[in-house]
Amino acid sequence: MKYADMHCDTLTELYLGGYFIKDTPLHISLDKADPFNPYIQVAAVWTDKALSDDDAYERFFKVTDHFRCDPSVRMGKVQLCHTKAKLDTAVAEGVPAFVLAVEGARLLAGDIRRLYRLYDEGVRLITLQWSDTDCIGGAWNTDADITDFGRLVLCEMASLGIAADISHASDSTAREILDIADQCNLTVCASHSNSRGVCSHMRNLTDELFRRVKEHGGIVGISMAPEHLSDSGKADITDISRHIYNYLSLGGEDTVCLGCDFDGIKTTPMGISGIGDIKYLWDMLLKDGITEDTLTKLFFGNAHRFIRSILD
């Protein structure tokens, strides 16, 4: 089975737990992902709200250094990819491919030079907000707009080729990011954002924002966070499918993918304990009548196309 996923927090959890990627108690490990070939994972380093901006920036390098020193990475059993050539080779050879991202751009702390450093480290996607307001703008639990520094960051991201992720952004910030994308060569996605038309949580995307991401050529990943899947806060595989069906009804066959947020969520939907259980979602959707061609887009093709487009 081919699989590509737009968001996980596994690298941070590997660092904090002192784990290596091959065999871990986390949602994602190489052993759990063994059924997938190829397997592509966008791996975000989270800017922990408990840390200062500067400490979060320093921890980014500790997290990525820990991953680069992982025996599986050093032995070539996992490939960190920042170029199309590396991704293409990993896919062709069946080697799991990881692409670096940042979740929470407040670690830039008003210093644009930090963006250039992150790019040099291989970061190719940034989720701009996480919660509250910061140097970039307002998150989902605010009604704040983007800041002047946030606008500068977006322009420089467009110049560098780093994709802007509107997951976690307030509606007004997300709209302005998309407005800026309309004016310059900025790539936009929502790496892990469910449908507000299905679950009313403000972290989820409105149909309007989904359509705008789609029209811009971006993609939207389905998250496994139960509180974003169902208004009850409890969810199972059926709830995941409801978000997929809603996005498909909006013309999203080439837009929807998965961004499960594994190792960034406290609980998972019933029936999905980690990456190894994704096959059950495929099986249910296939049984419900979605064609294999469409499922291949949702589980691999859309994310693969997008990820490849943001690499050098």
Side-chain angles (χ1 to χ4, degrees), residues 4 6-8 11 40-47 53-54 56-61 63-65 67-68 79-90 97-130 134-137 139 146-169 173-192 212-213 216-221 259 303-312:
M6 285 298 298
H7 185 85
C8 76
L11 300 196
I40 306 171
Q41 181 69 61
V42 177
V45 179
W46 176 48
T47 302
D53 296 352
D54 289 341
Y57 180 69
E58 292 302 321
R59 195 174 78 171
F60 169 87
F61 299 100
V63 169
T64 54
D65 285 349
F67 190 61
R68 293 181 201 277
Q79 180 65 62
L80 265 174
C81 301
H82 66 277
T83 67
K84 291 179 177 64
K86 283 190 174 183
L87 180 68
D88 291 347
T89 298
F98 278 61
V99 176
L100 286 180
V102 164
E103 183 175 31
R106 69 174 178 83
L107 54 65
L108 298 178
D111 185 350
I112 197 66
R113 294 172 298 180
R114 291 186 177 186
L115 180 67
Y116 308 141
R117 176 81 186 278
L118 293 176
Y119 177 83
D120 289 342
E121 289 294 312
V123 170
R124 294 298 180 267
L125 184 147
I126 296 179
T127 309
L128 293 156
Q129 281 81 29
W130 192 73
D134 55 31
C135 63
I136 301 297
I146 199 163
T147 65
D148 288 340
F149 178 70
R151 295 182 188 96
L152 172 62
V153 168
L154 288 166
C155 290
E156 291 303 302
M157 287 171 62
S159 177
L160 292 168
I162 300 175
D165 180 9
I166 65 170
S167 293
H168 286 274
T173 291
R175 289 188 187 102
E176 186 168 2
I177 291 169
L178 286 158
D179 288 342
I180 292 171
D182 289 339
Q183 299 162 12
C184 63
N185 191 28
L186 176 66
T187 302
V188 178
C189 71
S191 68
H192 57 304
R212 288 200 62 187
V213 173
H216 201 269
I219 57 173
V220 176
H304 175 223
R305 181 189 71 248
F306 182 86
I307 292 166
R308 195 175 184 278
S309 76
I310 63 176
L311 301 183
D312 302 340

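Please read all numbers here as calculations on a predicted model, not as lab measurements. Numbering of residues begins at 1 and proceeds along the displayed sequence.
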Quiz item: Would a distance-only check, ignoring hydrogens and angles, find a side-chain to backbone donor-acceptor pair under 3.5 Å from Arg114 to Leu107?
Solution: yes
Quiz item: Could you go step by step and tell me if Val42 and Ile307 meet the side-chain contact (heavy atoms from CB on, under 4.5 Å) rule?
Solution: CA-CA 8 Å; Val42 177; Ile307 292 166; 3.6 Å; yes
Exercise. Would you check if the side chain of Arg151 reaches a backbone N or O of Ile146 as a donor-acceptor pair within less than 3.5 Å?
Key: yes
Quiz item: To the nearest 0.5 Å, what is the distance between CD1 (Ile126) and CG (Asp165)?
Solution: 10.0 Å
Quiz item: Has the side chain of His216 got a donor or acceptor atom that lies under 3.5 Å from a matching backbone atom of Ala181?
Solution: yes
Self-check item: Reported OG1-to-CG distance for the pair Thr173 and Leu154, which is rounded to 0.5 angstrom
Solution: 9.5 Å
Exercise. Decide yes or no on side-chain contact (heavy atoms from CB on, under 4.5 Å) for Thr187 and Met157, but give the supporting numbers first.
Key: CA-CA 9 Å; Thr187 302; Met157 287 171 62; over 6 Å; no
Quiz item: Do any N or O atoms from the side chain of Arg124 and from the backbone of Ala101 form a donor-acceptor pair under 3.5 angstrom?
Solution: no
Quiz item: When you measure from the side chain of Thr47 to the backbone N and O of Ala105, does any donor-acceptor pair fall under 3.5 Å?
Solution: no
Practice problem: Test the Arg117-Phe60 pair against the cation-pi criterion, namely NZ or CZ under 6.0 angstrom from the six-membered ring centroid and within 45° of the ring axis. | Solution: no
Quiz item: Do the side chains of Asp120 and His82 get nearer than 4.5 Å, heavy atoms only?
Solution: no
Quiz prompt | Those residues that, when tested against Leu152, pass side chain to side chain contact (heavy atoms under 4.5 Å, CB included) (two or more places apart) | solution = Ile112, Phe149, Glu156
Exercise. Grab the two heavy atoms, one from Trp46 and one from Arg59, that are nearest each other, plus how far apart they are.
Key: O-NH2, 3.7 Å
Quiz item: Atom CZ in Arg68, atom CG in Leu11: separation rounded to 0.5 Å?
Solution: 10.0 Å
Quiz item: Going by an N to O cut-off under 4.0 Å, is there a salt bridge joining Lys86 and Asp312?
Solution: no
Quiz item: Would you say the side-chain atoms of Ser191 pair up with the backbone N or O of His7, donor to acceptor, closer than 3.5 Å?
Solution: no
Exercise. Answer yes or no: is there a side-chain heavy-atom contact under 4.5 Å between Val99 and Leu125?
Key: no
Self-check item: Asp179/Arg212 salt bridge by N-O under 4.0 Å criterion
Solution: yes
Practice problem: State, yes or no, whether a side-chain contact exists between Leu115 and Ile162 at a heavy-atom distance under 4.5 Å. | Solution: yes
